[in-house]
Amino acid sequence: MTELKYAELQKSYQLELKKLEKEEETLVDELNNMLNQKTFLEDKIKGLAKLLPTLKVIKHEAQDLVNTVNNISDSSEKISGNIRSLDNARSRVEECQARVSDLIDLEICSQGVQTAILDSDYEKGAAHVHRFLSMDQSLLKRTANDMDNISNMLKSVRTLQDAASQLRAIVTHKFTEAVNAEDLVSIERFFKIFPLLGLHEEGIKEFCTYLRTKVAAAADKNLKSAVSTPPSDKRHTIVYADTLTLLYEGLARITDTHQPLIETYYGPGRLLAAISILQKECDIQTKRVLLEWGKTRQINKKNQMINELSRMSSSSSFNKLEKIEPKDLDILIVEITLMHFRIELYNRFIQRKITSDAEVGIPNQDDRNNILKSLEQLIKNSDLSQCKHELLSHYLRLEQYYMEESVAKAIAMDSVEMGQQTSSMVDDTFFIIRKCIRRSVSTGSLDGICVIINNACRVLESDFGEVLRGRLRQGYPSGYLDLTQAYNVLQTSIQQGRLQSGDTEQSRLAFLVALNNADSSTEYVDALCDNVLKEIEQALPNLNSNERGKLESCLSGLSSVTTNLKDIIEYGIQQLRSSAIKPRINPWVDQFLNMSHHLTDDELSAYEAGESFVQTLIMNLETLLSSFKDILTSANYDLLTQVLTAEVTQRLEKVIMKTTFNRLGGLVLDKEVRSLAGYITAATSWSVRDKFARLTQIATILNLEQVNEIYDYWGSHDGALTWRLTPTELRNIIALRTDFKVEEIRRLKL
Amino acid sequence: MDDYKFLFKVVLVGNAGVGKTCLVRRFTQGLFPPGQGATIGVDFMIKTVEVGNEKVKLQIWDTAGQERFRSITQSYYRSAHALILVYDISSQPTFDCLPDWLREIEEYASSKVLRILVGNKIDREDREIPENVGEEFAERHNMYYLETSAKESDNVEKLFMQIAEDLMKQARTRDLPRYDSNNQTIDGRTSTINDSSCCSRLQ
């Protein structure tokens with residue numbers, strides 16, 4: 001037991017011993033290392049010892065530097081304090097100087113102003129007052145408090161204040177005197193003095209009031225000479241437009257010549273005030289001219305008559321009231337458009353002038369906007385604008401009457417010339433409408449243009465379109481057309497009003513001409529829209545997006561007149577179909593039923609040698625179409641051939657379904673359908689393939705060698721056709737072949 | 001932008017100062033501009049609304065009420081799909097003029113036009129025309145009736161949306177022209193020809 005313990009102890013001691021031995025080893029190693037480093041360390045220590053004195057020197061120097069910097073900062077603070085107080089002192093000196101100079105000036109001014117007034121040197125006096133007014137009045141008061149001899153200074157101030165009011169009175173008085181004496185030099189002289197006395201607004205008011213009298217005098221003279229213009233004068237018809245032109249040109253000239261004067265002596269941004277005053281005179285004079293114009297041209301009477309006429313034509317047949325000849329209004333309408341345009345131009349002039357004046361003279365955005373707002377109000381609320389609106393209203397009523405009556409006249413005088421496809425009413429109507437719209441463009445008013453476009457739209461759809469539709473409603477009498485005769489009789493009978501029901505020749509021609517009229521009108525409408533838009537863009541280049549939208553909406557109304565016209569054409573073509581095409585074609589196609597379609601080889605060659613069914617049909621169609629070819633417009637002729645093709649194919653399909661065929665009969669049919677399609681393709685400019693699709697497929701079916709051959713064409717393989725026939729239809733058709741077995745047909749999988 | 005299915009023209013008429021422009025501004029811009037000056041001629045606004053997942057473009061023509069613009073405003077009646085006749089419920093004279101306006105509508109507008117009577121300014125305390133009087137007038141003349149306030153935005157949205165819905169319904173049954181999104185030249189006119197049963201919608 002103890003032995004065991006001993007052994008364990010021994011073992012542990014041995015372990016301990018080994019550990020200690022290891023430690024010893026490492027210690028010895030470390031000691032060796034240190035010994036190795038010893039020389040190196042000693043070197044280092046030697047180096048450091050050398051550095052030590054240098055460090056001491058550096059420390060001293062740094063301390064010195066700190067001291068110096070502190071000194072400098074102290075002294076600079078002192079200096080800046082000195083400078084600050086110097087600055088203060090200087091500004092006080094300056095203020096003092098200003099006060100002194102104000103005082104000196106005050107003294108000088110107060111002395112000078114009296115002598116100036118006595119010498120009638122108002123410029124000098126006003127300059128003194130201007131100097132006085134430019135002084136800071138509160139500063140003056142403070143100066144007075146700081147001074148000993150207040151009374152002296154206050155006296156000067158009072159003198160100047162008195163002088164100012166005295167000068168104001170004098171200048172105003174002198175100005176009025178100058179105005180009364182028509183002394184232009186003095187007027188200008190005192191006009192320049194007003195702003196020196198702080199009388200900017202008064203100056204402008206006085207001066208513009210004076211200018212108003214000038215404008216009024218000139219306008220009066222012009223109006224008198226207008227009234228006394230003899231009718232023989234070549235400008236007599238537009239003499240009032242000329243008078244307005246003179247008025248506005250005069251005003252524009254005054255504005256242009258005096259604007260620099262105002263700008264120099266009153267500063268920029270004051271044009272609105274000046275023009276506002278002139279505007280009053282402009283309003284008055286414009287109203288006078290228009291009043292005289294209305295009297296001379298009897299505008300109210302004419303308006304009244306037009307109103308009455310329109311009321312009567314809509315309510316009763318009492319139509320024989322003395323009508324105003326639309327041509328007689330022509331000149332008057334031109335004069336109104338001219339007058340309206342002049343006003344428009346003058347408004348634009350004012351706008352341009354004041355806007356640019358504000359842009360130069362008023363840097364503050366808000367102030368500028370206020371000026372522009374007042375400008376808008378000035379123009380909007382002026383009597384001039386009111387006059388402009390009334391003129392436009394007159395114009396629109398007259399122009400509307402002119403358009404309606406002239407178109408009615410064009411329709412009443414409608415005539416068709418030998419060999420013409422259309423009659424005169426188309427050219428005439430569109431000439432009138434074009435003229436009216438152009439005239440509306442010359443007013444310069446977008447609203448006016450839009451109204452005339454709206455009216456044109458109504459006249460074309462209601463008045464013009466209804467006449468065409470009415471003529472088509474009378475129908476197309478069946479029978480052939482003998483053109484030469486028809487033209488001759490038509491001429492007279494159209495003019496006499498309704499066509500007699502017996503005159504079938506002319507009825508036919510009248511019908512076709514109406515159809516052509518509708519077609520060529522669609523082209524006219526499109527051209528009209530294009531041209532009008534271009535002209536408006538030229539005349540009113542600065543439309544904003546809203547105005548453009550307005551115009552485009554009205555124009556789209558005009559261009560949609562074509563939809564209406566196309567309805568009319570469609571109506572006419574359907575008439576033709578039921579009266580000229582259907583009754584003719586049916587018997588021709590029905591001939592098919594009278595022929596045998598069970599042919600032997602011999603019969604086949606005999607049939608082909610003789611005149612076949614299809615040859616006769618083509619000949620008949622040729623005759624029918626050729627009677628229309630020259631008289632119809634090409635678009636209408638195309639429509640007619642389309643209708644004709646549809647009729648022929650449908651009818652032929654119907655009779656085929658009533659017939660039975662053998663192999664050769666089917667062969668002949670296929671040939672005949674091909675040649676018919678060939679003929680019609682050649683006769684028209686559009687593709688007939690589509691219209692013939694069913695018929696061609698029927699012929700293909702009936703031309704089969706065997707029933708099963710149908711699979712070459714039916715199904716989803718490459719050679720298959722796109723069928724227009726349903727499987728049931730196909731079975732029925734194939735059953736028309738008597739040589740095919742019913743069993744086989746029944747077994748077909750379609 | 002032009003991907004609308006229908007385009008309708010709506011024209012507002014009525015005496016000067018009854019609030020036509022304010023109604024239009026409220027609807028198109030959500031504004032009530034105080035101190036609005038008198039309208040000159042006609043103003044034109046566009047707003048596209050959605051009715052049952054379909055885009056409907058309303059072209060709104062705001063006409064001047066003053067007499068001297070009559071020859072301008074009258075020319076817009078004919079192509080209108082809907083006419084809104086506005087009066088001011090606090091002003092008897094504007095109500096008294098309604099028969100005159102109806103005569104004008106009769107004379108210039110299409111017989112199929114949708115007509116709506118609107119009594120505006122119900123925010124005002126000094127009402128002169130009781131609601132039932134306006135309503136009876138509208139009934140007598142086969143018109144819709146609605147009272148609005150452009151200031152408080154009462155019934156304004158409803159007014160125009162109702163019109164859009166009704167015109168849509170009309171267009172569907174009556175085959176008004178449809179508009180392709182790529183079709184710029186548009187025909188917004190109800191044809192005055194072959195005019196058969198009118199006013200059937202007003203029951």
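Below, chains carry the letters A, B, ... as their sequence lines are ordered, and counting in each starts from 1.
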For the student: nearest non-hydrogen atoms of B:Ile40 and A:Asp447, plus distance:
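What the structure gives for the nearest pair is O-OD2, 3.8 Å.
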Which residues share a ring pair (Phe, Tyr, Trp, His ring centres under 6.0 Å) with B:Phe137, sequence neighbours left out:
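B:Phe137 satisfies ring pair (Phe, Tyr, Trp, His ring centres under 6.0 Å) with B:Phe95, B:His141 once adjacent residues are dropped.
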When A:Lys380, A:Arg397, A:Arg458, A:His394 are compared by non-hydrogen pairs under 4.5 Å with chain B, the top option
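Sorted descending by pairs with chain B, the first entry is A:Arg458.
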Measuring only between side-chain heavy atoms, which start at C-beta, is [X] closer than 4.5 Å to [Y]?
X        : Y        : value
A:Ser393 : B:Arg70  : no
A:Gln400 : B:Ser75  : no
A:Asn454 : B:Arg78  : no
B:Tyr76  : A:Cys554 : yes
B:Trp61  : A:Lys550 : yes

Any ring pair (Phe, Tyr, Trp, His ring centres under 6.0 Å) involving residues 433-454 of chain A? Give me the pairs, sequence neighbours left out, ordered by first then second residue.
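Passing the test, one end in residues 433-454 of chain A: no pairs.
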Which pairs count as ring pair (Phe, Tyr, Trp, His ring centres under 6.0 Å) when at least one residue sits in residues 99-125 of chain B, sequence neighbours excluded?
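For residues 99-125 of chain B, and leaving out neighbouring residues, there are no ring pair (Phe, Tyr, Trp, His ring centres under 6.0 Å) pairs at all.
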In Å and rounded to the nearest 0.5 Å, what is the OG to CG distance from A:Ser553 to B:Leu7?
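With rounding to 0.5 Å, OG (A:Ser553) is 7.5 Å from CG (B:Leu7).
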So for B:Gln74, is it side chain, backbone, both, or neither that comes closer than 4.5 Å to the heavy atoms of chain A?
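For B:Gln74, the side chain is the part near chain A, not the backbone.
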Residues of residues 148-156 of chain B under 4.5 Å from chain A (heavy atom pairs)?
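Residues in range: none.
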